[in-house]
Amino acid sequence: MGIDFHKSKDTRNYRVRYQPYCRQFQQPLQTHHGLWSHREGILIQLSALDSGDRLREGWGEIAPLPWFGSESVTEALNFCRSFPDTIRAVDLVKVPDRLPACQFGFESAFIDLHPSGTKSNRFKYCGLLPTGKAALNPELSVWRSGYSTLKWKIGVAEMSEELDLFHQLISNLPIGMQLRLDANGGLSTTQAREWLGACEHAPIEFLEQPLAVSEFAAMQRLAAEYSTPIALDESVATFPQLVQCYEKGWQGIMVVKPAICGFPSKLHQFCHEHPIDLVLSSVLETAIARRTILRLAATLPNLHRPLGLGTGHWFADSAPVDTART
Ligand SMILES: O=C(O)CCC(=O)c1ccccc1C(=O)O
Ligand SMILES: [Mg+2]
């Protein structure tokens, strides 16, 4: 990950193959952005014979999240079709900034070809609860999966109804369990204040993206006024946005979804040069992108917060996707 693959000495020609996929969720995920029922993406495979005539393969994944400002799967697929079917590491610069999920996918495949022996890190994870009343079901597997932190979506239903569920959820939380609340930018300033008031004496790790991306200054004011931390998510979706929020003086938590944040090497470098309070988070990608994210996590400094990757139970077919055809 420390290697910048744009300047890599790897001059080999790799054959590129790609395979679109679609995975159904066990149940749709309800967020302020709407109802989401399946994940579509593209698996990337690079292959070449090495000097000893052994086949070398690297895998990457493009898992866009257009409602967060990344490209769509169609745009990603059009790019894959237009890209040469043989590439070298230096060709990564040709993946433009308007396609951050493609930047992640293609560089991931190169990283996979050059695995560096990183220390194995045992991380804590945050499990994703279903939205609304469903979270209260004690039979849910997330309650028994050993998570120390759970995330619950808000900004979806009527405020009073959600607050009522919130109090029930809090009173049922096991001792020591923390909760992340994620509004996906769906609250007004007044509602955000009401939520932050309700969080005051509850075990809330942070309130994620309470307001719309355009409300940066208002989120800075909320962060200064309340004891519950505010985390940015949609506001820092892509790498240029992350840099911009940092430069505008955001000192709070940043939830970064590597799969839509552009080149992992750029994120790696930025995190090494700047002391950011980082949470890595899933976009409900497959095991391929997850592997890249875990490799990245193992190389980052100050990654003290549980990883937002506790989403495996979301898929109906939880077997890892490990084959690709063209
Ligand atoms: O970050 C996590 O803990 C879980 C992942 C998550 O919440 C999520 C998953 C897919 C798309 C958007 C989001 C989000 O954080 O808003
Ligand atoms: Mg979020």
Side-chain angles (χ1 to χ4, degrees), residues 23-41 61-73 100-101 104 123-132 134-135 140-142 145-156 177-187 192 195 204-213 215 219 229-238 241-242 245 250 252-261 277-286 289-290 293-294 296-297 303-315:
R23 284 176 97 193
Q24 203 71 34
F25 299 150
Q26 296 263 27
Q27 67 202 71
L29 176 61
Q30 176 90 61
T31 75
H32 181 71
H33 300 284
L35 202 59
W36 188 23
S37 60
H38 55 273
R39 152 54 79 205
E40 286 181 272
E61 177 181 347
I62 302 171
L65 207 56
W67 33 284
F68 262 58
S70 91
E71 69 271 47
S72 64
V73 179
F104 173 86
F123 292 105
K124 286 189 171 165
Y125 293 85
C126 169
L128 183 60
L129 287 166
T131 309
L140 291 177
S141 65
V142 278
S145 302
Y147 293 123
S148 55
T149 312
L150 295 174
K151 183 193 260 196
W152 190 53
K153 299 283 184 189
I154 61 167
V156 176
M177 179 76 84
Q178 284 210 303
L179 198 61
R180 294 174 176 175
L181 295 180
D182 188 1
N184 284 108
L187 306 179
W195 271 107
I204 306 305
E205 190 191 3
F206 55 75
L207 171 60
E208 183 170 325
Q209 195 74 37
L211 311 180
V213 171
E215 299 294 308
M219 286 191 279
I230 305 288
L232 299 183
D233 183 14
E234 279 85 340
S235 294
V236 294
T238 64
Q241 286 178 291
L242 169 69
C245 285
W250 183 261
I253 304 165
M254 305 213 215
V255 177
V256 171
K257 300 175 178 315
I260 54 164
C261 198
D277 190 349
L278 183 69
V279 173
L280 292 185
S281 160
S282 155
V283 293
L284 302 189
E285 58 280 302
T286 79
R290 182 189 171 87
I293 298 169
L294 286 171
L296 175 66
L303 201 58
H304 303 305
R305 297 181 185 274
L307 306 179
L309 296 176
T311 51
H313 58 287
W314 219 263
F315 294 98

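Both ligands and their constituent atoms are indexed starting at 1 by order of listing. Keep in mind that the numbers below use all heavy atoms, side chains included, and drop hydrogens, waters and symmetry copies. Quick note: residue numbers are just sequence positions, from 1.
Here Tyr125 has no heavy atoms under 4.0 Å from ligand 1, in either its backbone or its side chain. Using a 4.0 Å cut-off between heavy atoms, Asn184 contacts ligand 1 through its side chain alone, with no backbone atom that close. With a 4.0 Å heavy-atom cut-off, ligand 1 is reached by no atom of Leu309. Contact annotation for Thr31 and ligand 1: no heavy atom of the residue comes within less than 4.0 Å of the ligand. Residue contacts with ligand 1 for Val279 are absent, since no atom lies close enough (heavy atoms, distance under 4.0 Å).
Given atom 8 (C) of ligand 1, the protein heavy atom at minimum distance is Lys257 NZ, 3.6 Å. What sits closest to atom 10 (C) of ligand 1 on the protein, heavy atoms only, is Trp36 CZ3, 3.6 Å. With hydrogens left out, the protein atom closest to atom 2 (C) of ligand 1 is Lys151 NZ, 3.2 Å, a heavy atom.
By the 3.5 Å distance cut-off applied to N or O atoms, Arg180 is not counted among the residues near ligand 1. Residue-to-ligand polar distances keep Glu234 apart from ligand 1: every N/O pair is separated by 3.5 Å or more.
Not one N, O or S atom of Glu234 sits under 2.8 Å from the Mg ion (ligand 2).
When the Mg ion (ligand 2) is compared with the N/O/S atoms of Asp233, atom OD2 turns out nearest. Within Glu208, OE2 is the N, O or S atom that lies nearest to the Mg ion (ligand 2).
When each atom of ligand 1 is checked for a heavy atom of Leu65 under 4.0 Å away, the hits are 11 (C).
Of the candidates His32, Glu208, Lys153, Asn184 forms a side-chain hydrogen bond (donor to acceptor under 3.5 Å, both in side chains) with just one, namely Lys153.
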